[in-house]
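Proteins get letters first, then strands, A, B, ... in listed order; numbering begins at 1 in each.
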Number of protein chains: 2
Amino acid sequence: MEFTQTLRDQELKVTPQRLALLEEIEHAGHIDVDALYAILKMSFPAISLATVYKNVSQMYELKILEVIKVPDRKLQYEIAKAPHIHLACDQCGNVLDMNKCIDELMFSAESESGFKLNHSAVVLNGLCPSCQSA
Amino acid sequence: MEFTQTLRDQELKVTPQRLALLEEIEHAGHIDVDALYAILKMSFPAISLATVYKNVSQMYELKILEVIKVPDRKLQYEIAKAPHIHLACDQCGNVLDMNKCIDELMFSAESESGFKLNHSAVVLNGLCPSCQSA
DNA sequence: AACTTAAATAATAATTTTTATTATTTAGTT
DNA sequence: AACTAAATAATAAAAATTATTATTTAAGTT
């Protein structure tokens, strides 16, 4: 598994729970702690909610995970990757990643403000193409 | 007061607590519930934390307030205004509003993704100019 | 392959954050 | 001034998160 290496790189022990957690986050794209717990319980009936919280926070600190806040939803975790834009549809609830536009934004914002940026959290809300026509 | 009208427009009764709450949020720029409560207690020693929560949520639903999530901080409330970018300095903790760049971003993101956008939450982190030189 | 040890887990308690309930007070109207 | 619906304060309840601890397990070492 690819995540085995991710964990080793951060000197975290490779446990079945951690691998499943990462795989599920990757599969879901964006997911909150509760939903994650519910899903993991299917493979690990004895898993503790505290374990999910602990791991998720830990991996967030180690930058294995990122977190975004979509209005009116709980914090959503995702696998950390290159900075990107989150498009959240208010109708169907989907959250889409978009890699375009973000570099231009960061660049313009830096030169405009004089900030030296190292992190972005961009969440745009609206209706996705299919929900517009529906 | 300008906020008197804001409240009337939304058919909320104009109470001293509400006016103070709005004025304090405006004055702070961005503030979380706890800090807000602590400050309001100075003018209203008997104010209830539940009142702060209630009003803040209520005004958020009525779009009088907006909320942003800066990494590792509690939810920050601000007076709703035109969409803008939040620049958060990791050193001094300040959150700055920037009105440039956001329109271009929304426009590009819409045409790129096909979404019809109606809301943005952009938080960029880094070092502000003065913290860079310090 | 068994042994060792530090770390991870599950279970649980404790804490923190947020929301609900209710009696009292108050803003806005008549 | 009186009325009424809404807001507040106080409090309880619920939900979310973190801490504690005994047990289990991953990963290195013999």
Fill in: Close approaches to DNA chain D from residues 65-80 of chain A, in residue order (heavy atom, under 4.0 Å)
A/Lys74
Worksheet entry | Proximity to DNA chain D (any heavy atom under 4.0 Å), residues of residues 45-57 of chain B only |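 Those residues are B/Ala46, B/Ile47, B/Ser48, B/Ala50, B/Thr51, B/Lys54, B/Asn55.
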Item to complete: Using a 4.5 Å cut-off on heavy atoms from C-beta on, say whether the side chain of B/Ile39 contacts that of B/His27.
Response: no
Fill in: Side chain proximity check, B/Leu19 to B/Thr15, heavy atoms < 4.5 angstrom
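No; the side chains remain at least 4.5 Å from each other.
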Discussion item. Given 3.5 Å as the limit, does a donor-acceptor pair link the side chain of A/Arg73 with the main chain of A/Gly93, or not?
Written reply: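 Here the side-chain-to-backbone pair exists.
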Practice prompt. Give every residue pair that meets the side chain to side chain donor-acceptor pair (under 3.5 Å) criterion with at least one member in residues 106-117 of chain B, sequence neighbours excluded.
Written response: none
Discussion item. Membership question, hydrophobic clusters at under 4.5 Å side-chain separation (ILVMFWY): are B/Leu117 and A/Ile68 in the same one?
Written reply: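 A/Ile68 and B/Leu117: separate clusters.
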Worksheet item: If Ile, Leu, Val, Met, Phe, Trp and Tyr residues are connected whenever their side-chain heavy atoms lie under 4.5 Å apart, and connections chain through other members, are B/Ile102 and B/Ile79 in the same group?
Response: no
Response to the item:
Ordered by number, residues from residues 31-40 of chain A within less than 4.0 Å of DNA chain C (heavy atoms) are none
Worksheet item: Of all residues at least two apart in sequence or in a different chain, which pass the side chain to side chain contact (heavy atoms under 4.5 Å, CB included) check with A/Tyr53?
Response: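 So A/Tyr53 forms a side chain to side chain contact (heavy atoms under 4.5 Å, CB included) with A/Val33, A/Leu49, A/Lys74.
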Practice prompt. Only counting residues at least two apart or in another chain, list the ones meeting side-chain hydrogen bond (donor to acceptor under 3.5 Å, both in side chains) with B/Lys13.
Written response: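 side-chain hydrogen bond (donor to acceptor under 3.5 Å, both in side chains) list for B/Lys13, sorted by chain: empty.
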Practice prompt. Please report how far the helix from C/dA1-D/dT30 to C/dT30-D/dA1 bends, comparing the axis fitted to its first five pairs with the axis fitted to its last five, to the nearest 10 degrees.
Written response: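 Inter-axis angle at the termini of the helix from C/dA1-D/dT30 to C/dT30-D/dA1: 40°.
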Worksheet item: B/Glu61 has an atom CD; how far is it from atom C1' of C/dT19, in whole Å?
Response: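 Taking CD of B/Glu61 and C1' of C/dT19, I get 12 Å after rounding.
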Practice prompt. To the nearest Å, give me how far apart CZ (B/Arg18) and C1' (C/dG28) are.
Written response: 13 Å
Item to complete: Taking heavy atoms of chain B and a 4.0 Å limit, find me the 5'-most and 3'-most nucleotide of DNA chain D within that range.
Response: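 Boundary nucleotides touching chain B, in 5' to 3' order, are D/dA5 to D/dT11.
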Discussion item. By the ring pair (Phe, Tyr, Trp, His ring centres under 6.0 Å) test, which pairs, at least two apart or in different chains, include something from residues 60-96 of chain A?
Written reply: A/His30-A/His86, A/His84-A/His86
Item to complete: Determine which pairs satisfy ring pair (Phe, Tyr, Trp, His ring centres under 6.0 Å) with at least one residue from residues 91-128 of chain B, sequence neighbours left out, and list them in order.
Response: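 Output for this query is empty, none listed.
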Practice prompt. If a pair satisfies salt bridge (Lys or Arg N to Asp or Glu O under 4.0 Å) and one of its residues is in residues 36-57 of chain A, list it, with sequence neighbours excluded.
Written response: none
Worksheet item: If you draw a 6.0 Å radius around NZ in A/Lys81, do more than 12 non-hydrogen atoms from other residues or ligands fall strictly inside?
Response: yes
Worksheet, complete the sentence: Assert: residue with more 5' nearest nucleotide on DNA chain D, out of A/Pro16 and B/Leu12, is B/Leu12
Worksheet entry | Exercise: identify the closest heavy-atom pair between B/Asp32 and B/Leu75 | CB-O, 3.2 Å
Practice prompt. For A/Arg18 and A/Leu12, work out which heavy atoms get closest and say how close.
Written response: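 Distance-wise, the nearest heavy atoms are NH1-CB, 3.7 Å.
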Contacts under 3.5 angstrom, residues 125-134 of chain B side chains, donor-acceptor by atom type, not counting sequence neighbours:
from     : atom 1 : to       : atom 2 : distance (Å)
B/Asn125 : ND2    : B/Asp90  : OD1    : 2.9
B/Gln132 : NE2    : A/Gly114 : O      : 2.7
B/Gln132 : NE2    : B/Leu127 : O      : 2.9
B/Ser133 : OG     : B/Pro129 : O      : 3.4
B/Ser133 : OG     : B/Ser130 : O      : 3.0

